[in-house]
Protein chains: 2
Amino acid sequence: MGQMVQELKERGHRLTPQRQMILEAIEAAQGHVSAETVHTKVAAQFPQVNISTVYRTLELLQNLGLVRHTHFDDGIAKYHLASETPHQHMVCRRCGDEREIDVSVLDPLDRHLRERYSFEADLAHFALIGVCGRCAAERAAGG
Amino acid sequence: MGQMVQELKERGHRLTPQRQMILEAIEAAQGHVSAETVHTKVAAQFPQVNISTVYRTLELLQNLGLVRHTHFDDGIAKYHLASETPHQHMVCRRCGDEREIDVSVLDPLDRHLRERYSFEADLAHFALIGVCGRCAAERAAGG
DNA sequence: ATTCATGCAAATACTTTGCATCAGC
DNA sequence: GCTGATGCAAAGTATTTGCATGAAT
C-alpha cells in the first residue's frame with residue numbers, strides 16, 4: 001500500500017479510496033482476478049463504485065507497474081500483483097483443469113529468446129493451453 | 001479441399017459454397033486471419049454471406065481439425081490451416097512488431113511439459129508477448 | 001481553486017444465438 | 001422431403017469513452 005501511495009504521488013496521480021480499495025481487493029485475492037471480480041468484491045462494501053472506475057484503475061496500476069495481467073483461454077484479463085512470484089498456468093482445453101507450474105520450466109526458453117532475438121518475453125502473460133494427461137488418456141480410449 | 005469434402009461427409013455435414021469459400025479464403029491468406037478478415041474477403045465477391053456464417057464455419061472447421069486459431073495480444077482469434085507448418089510469433093508490446101520464429105525454439109519446453117506433467121501443450125495457441133531488442137534499447141536510453 | 005477522478009450511460013468490438021427461410025442430401 | 005445451414009437481427013460479454021459532477025490536492 002505504501003508503495004502505491006508513493007508511486008501515485010510521484011507520478012502526479014491522486015490517492016482516492018476507490019484506488020485503495022481496488023488494489024486491496026487484488027491483494028486479498030492472492031491470485032488472478034478479473035475486473036468483474038474486483039468490482040464485485042469492492043461493490044460488496046461500496047456499491048456505488050462503478051466498474052469503469054475499476055477498469056481505469058487497473059490500467060493505471062498497470063502503468064505504474066504495480067499490477068500485471070494474464071490471459072487464460074477465455075480471453076478475459078486476470079490481474080495480479082506485480083510483486084507476486086512469477087508463475088505460469090497450464091490449462092486443459094478439455095476439462096478446464098488449471099494447474100500452476102514453476103516458472104523455472106520457462107527459463108531455458110526465456111534465455112534462448114533473449115540471446116537469440118534480444119527479445120524480453122513476458123511468458124506469463126498467456127497461460128499455456130493444451131490437453132492434460134488424464135484427458136489425453138480418455139481421448140485415446142475413445143472419449 | 002478434397003480433405004474438407006471428405007471430413008464433412010464423414011461426419012454428416014453438408015458441403016455448401018459458403019464453407020468452400022471460407023476455407024479457400026483462409027488458404028489464400030497463408031497466415032493468420034481474423035473472422036472479420038475472412039468475411040471481408042468472401043463478401044468482396046459474395047456480399048450476402050453473413051459474418052455469423054463465417055464464425056459458425058470457422059468453429060466447424062476447427063472441430064473437424066482443418067483449421068486452428070492463435071491469439072495475439074489484441075485477443076482476436078486469428079485462423080490458419082491446421083496443415084500449415086507450426087510456427088510461433090513474437091510480438092513486441094511497445095512497437096507492435098511481429099516476428100515469426102521457428103517452433104523448434106519451443107521443442108524443449110514441449111518435451112518437458114509432456115515428460116513432467118503429461119501435458120500436451122498447444123504452444124502456438126498464443127503468441128509470445130514481450131519487448132523487442134530495439135524497444136528495450138530505446139527504453140534503456142530513456143524512451 | 002484547479003484539475004484530476006468518478007459515476008453514469010452509451011458506445012465499441014468481437015462473438016454468439018434465436019428463428020424463419022432456404023438448400024444439400 | 002427431411003434436416004442441417006444460412007441470413008438477418010438481436011443479444012451477449014468484455015471493455016472503453018464522453019461528459020457533467022464531485023473530490024483530492
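Only heavy atoms go into these numbers, but all of them, side chains included; no hydrogens, no water, no symmetry mates. Please read these numbers as outputs of a predicted model, since none were measured by experiment. Order of the sequence lines sets the chain letters (A, B, ...), proteins ahead of strands, with each chain counted from 1.
Remark: B/N50 engages B/S52 in a side-chain hydrogen bond (donor to acceptor under 3.5 Å, both in side chains) (not counting sequence neighbours). Scanning for side-chain hydrogen bond (donor to acceptor under 3.5 Å, both in side chains) contacts around A/D122 gives B/R93, with sequence neighbours left out. Listed by chain and residue number, A/F126, B/H71 satisfy the ring-ring contact (aromatic ring centres under 6.0 Å, His included) test with B/F126 (two or more places apart in sequence, or in another chain). Residues that satisfy the side chain to side chain contact (heavy atoms under 4.5 Å, CB included) test with B/S34, not counting sequence neighbours, are B/E36, B/T37, B/I76, B/K78. A/H13 is linked by a ring-ring contact (aromatic ring centres under 6.0 Å, His included) to nothing, counting only residues two or more places apart in sequence or in another chain. For A/S104, the side-chain hydrogen bond (donor to acceptor under 3.5 Å, both in side chains) criterion is met by A/D102, not counting sequence neighbours. Partners of A/R114 according to the side-chain hydrogen bond (donor to acceptor under 3.5 Å, both in side chains) rule, which considers only residues two or more places apart in sequence or in another chain, are A/D110. A/F72 meets the ring-ring contact (aromatic ring centres under 6.0 Å, His included) test with A/H32, A/H89; sequence neighbours excluded.
Side chain B/R14 to base C/dC25: no donor-acceptor pair is found below 3.5 Å.
Annotation: the span from B/R56 atom CZ to B/L61 atom CG amounts to 13.5 Å, rounded to 0.5 Å. The NE2 atom of A/H112 sits 12.0 Å away from the CG atom of B/L109 when rounded to the nearest 0.5 Å. How far CD of A/E120 is from CE of B/M90: 11.5 Å, rounded to the nearest 0.5 Å.
B/P47 comes within 4.0 angstrom of nothing in the nucleic acid, heavy atoms only.
Put simply, NZ on A/K9 is 16 Å from C1' on C/dT3, counting in whole angstrom units. C/dT6 atom P lies 11 Å from atom CD of A/Q20, rounded to whole Å. Atom CD of B/Q48 is separated from atom C1' of C/dT21 by 15 Å (rounded to the nearest Å).
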Shorter than 3.5 Å, N or O on both sides, protein versus nucleotides 10-12 of chain C: list them out with atom names.
none

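For B/R14 against B/L8, the heavy-atom pair with the smallest separation is O-CD1, 3.7 Å. Here the closest heavy-atom approach between residue B/E7 and residue B/L64 is recorded as OE1-O, 3.9 Å.
Between C/dC4 and A/H13, no contact under 4.0 Å exists linking OP1 or OP2 to a side-chain N or O.
For the helix from C/dA1-D/dT25 to C/dC25-D/dG1, the axis fitted to the five pairs at one end and the axis fitted to the five pairs at the other end meet at an angle of 30° (nearest 10 degrees).
Within residues 49-77 of chain A, the residues having any heavy atom closer than 4.0 Å to DNA chain D are, in order of number, A/S52, A/Y55, A/R56, A/I76, A/A77.
Running 5' to 3' along DNA chain D, contacts with non-hydrogen atoms of chain B at under 4.0 Å begin and end at D/dT3 to D/dC8.
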